[in-house]
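To start, the structure itself, in structure tokens.
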Amino acid sequence: MTRCSDKENEGLSDDGAEKSNENQKKRSKGEKRVSFPPDEHIVSGFAEQRSTDPKADSCLTLTEIMAAYQRNCSIHQVEPKPHILQQLQQGVCVGGSVKCLDLKGERLDHRSCEALEVVLKSLHFDFINLQATQLEENGAASLLDMISYYESTTHLDISDNSSMGTSGWKALAHLIKQSVSLSRLDLCNVPIVAGPAQCISKALSSSRLTVLNLCNAQLSGVPLYTLVGALKTNRTLHELHLANNLLNSYQDALQLGDLLRYNNTLQTLELSNNVVADAGLEELCDGLKWQTTGLQVLLLRNNQITAKGMEHLARTLPVLKVLQVLDLGENLLGNEGIHVIRESLMVNCSVQQLSLTQANITCEGAVALAEFLVENHQIKRLDLRMNDVRLGGLMALSVALKINNSLVHLDLDFIPSQEQDEFLSDTQTRLQAEITQRCLINARLRGPAEETSETSTADAHGLPDNTTAA
């Protein structure tokens with residue numbers, strides 16, 4: 001049996017050590033491979049595994065959930081919220097789903113948010129209202145991570161929470177991107193500056209949201225540019241509400257015009273109470289011409305638009321195919337503006353609801369609108385409240401409705417008679433009654449189903465649901 005000498009062993013040992021050192025050097029210089037699970041499986045701050053059985057938590061009764069919530073509050077050394085206990089006590093649970101969890105105005109610190117986990121894990125809510133809950137960074141991040149992880153709601157309102165911090169915004173972006181059940185998000189009265197705008201916009205590129213409400217979010221300028229960049233390729237969002245954002249008639253309107261050029265899935269765009277003005281309306285109209293299957297509702301109330309802006313709209317109305325609701329209320333259109341768009345409205349085949357409230361219209365403008373009603377048989381609703389429409393305008397509208405059979409809602413203010421002559425006063429009252437009657441006849445001819453549909457559409461967009469106030 002041959003045996004190596006000690007020197008040979010030492011040589012082998014040295015060689016092995018050298019090889020080992022070389023291998024270590026190679027490993028240190030080589031590629032490092034570290035793998036992480038997908039984002040949706042990473043949740044920080046939770047001790048529990050997500051249950052694979054969807055019925056595991058929904059089998060708990062509301063009483064059991066109340067008791068579990070109180071135990072959680074004790075663990076986190078925080079008092080249970082009486083309002084939460086009251087809602088759980090009075091709630092109706094159907095298959096693990098409850099209509100609403102309303103926490104509006106309740107102060108939720110970090111420990112209060114952590115204590116809510118058992119509620120968010122055990123129940124699905126149609127609506128969770130976190131408006132003005134004074135969420136701070138840690139609490140916001142924890143709460144939003146829970147809502148995302150447990151798919152706790154379909155509609156979330158997190159308005160009036162301006163101290164969410166970087167972690168809170170990142171958690172919200174993750175929720176927007178990953179949630180399967182969340183379809184509506186309200187984020188109003190919260191400044192969305194450059195950093196938060198980038199977080200939200202990146203998440204919107206692949207989110208499943210269908211309604212996004214960003215009213216009074218200080219979006220003018222770079223934040224709007226960032227948001228529009230993401231929404232140009234978004235194919236799930238149907239409603240975008242941008243009221244009260246001081247959007248201007250230059251860069252902001254240009255961005256919104258681009259959005260309408262490239263996005264054909266957005267169905268509702270609310271821009272009320274901004275400063276779009278006449279120049280901005282021109283940009284919007286250029287974008288509207290590209291809408292062949294998308295935008296059905298455009299709300300431009302109180303945007304400093306004048307009769308000059310109606311020139312841009314007059315060129316666009318004849319080619320519109322899908323726009324059904326147009327709100328131009330609280331703009332200084334005047335009779336001149338109505339004359340500018342009168343002929344275009346006659347030939348338009350898509351607009352069914354037109355709001356001209358408080359648009360500085362008198363009898364002259366009402367006569368022009370009556371001429372439009374005679375020729376157009378698509379219009380179903382016309383809102384002329386808060387205008388100075390008197391006897392001459394009422395006569396023209398009454399005659400027009402003897403010919404028009406599509407209008408089912410003509411909204412007018414009740415005008416106390418200013419006429420001294422009793423005959424003229426009686427005539428005004430009679431004309432208002434005739435207008436009401438003709439609208440009711442048209443509504444009956446169109447059938448109850450369509451009348452109900454019109455009313456629900458008006459409610460959804462804040463339009464009046466009465467036929468007239470005559």
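These numbers come from a predicted model, not from an experiment.
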Greater than 12 external heavy atoms within 6.0 Å of [X]'s [atom1]:
| X | atom1 | result |
| --- | --- | --- |
| Glu343 | CD | no |
| Lys308 | NZ | no |
| Glu137 | CD | yes |
| Lys202 | NZ | no |
| Phe127 | CZ | yes |

Any non-hydrogen side-chain atom of [X] less than 4.5 Å from a side-chain atom of [Y]?
| X | Y | answer |
| --- | --- | --- |
| Ile200 | Leu172 | yes |
| Cys439 | Val408 | no |
| Leu214 | Leu227 | yes |
| Leu135 | Ser163 | no |
| Leu333 | Ile305 | yes |
| Leu281 | Asn303 | no |
| Leu260 | Trp290 | no |
| Leu300 | Asn273 | no |

| said: For Arg301, is there an ion pair with Asp327 - N to carboxylate O distance below 4.0 angstrom? | reply: yes
With no hydrogens and no angle check, just 3.5 Å: does a side-chain donor-acceptor pair link [X] and [Y]?
| X | Y | answer |
| --- | --- | --- |
| Asp145 | Ser148 | no |
| Asn216 | Asn244 | no |
| Asn161 | Ser159 | no |
| Tyr150 | Glu117 | yes |

| task | For Ser179, check side-chain hydrogen bond (donor to acceptor under 3.5 Å, both in side chains) against everything at least two apart and list the hits. | result | Glu151
Tell me which donor-acceptor pairs under 3.5 Å the side chains of residues 89-104 have, and how far apart each pair is, sequence neighbours excluded?
| unit_1 | atom_1 | unit_2 | atom_2 | d |
| --- | --- | --- | --- | --- |
| Ser97 | OG | His124 | O | 3.4 |
| Asp102 | OD1 | Lys104 | N | 3.1 |
| Asp102 | OD1 | Asn129 | ND2 | 3.3 |

| message | As an exercise, state the distance from OG1 of Thr268 to CG of Leu212, rounded to the nearest 0.5 Å. | response | 12.5 Å
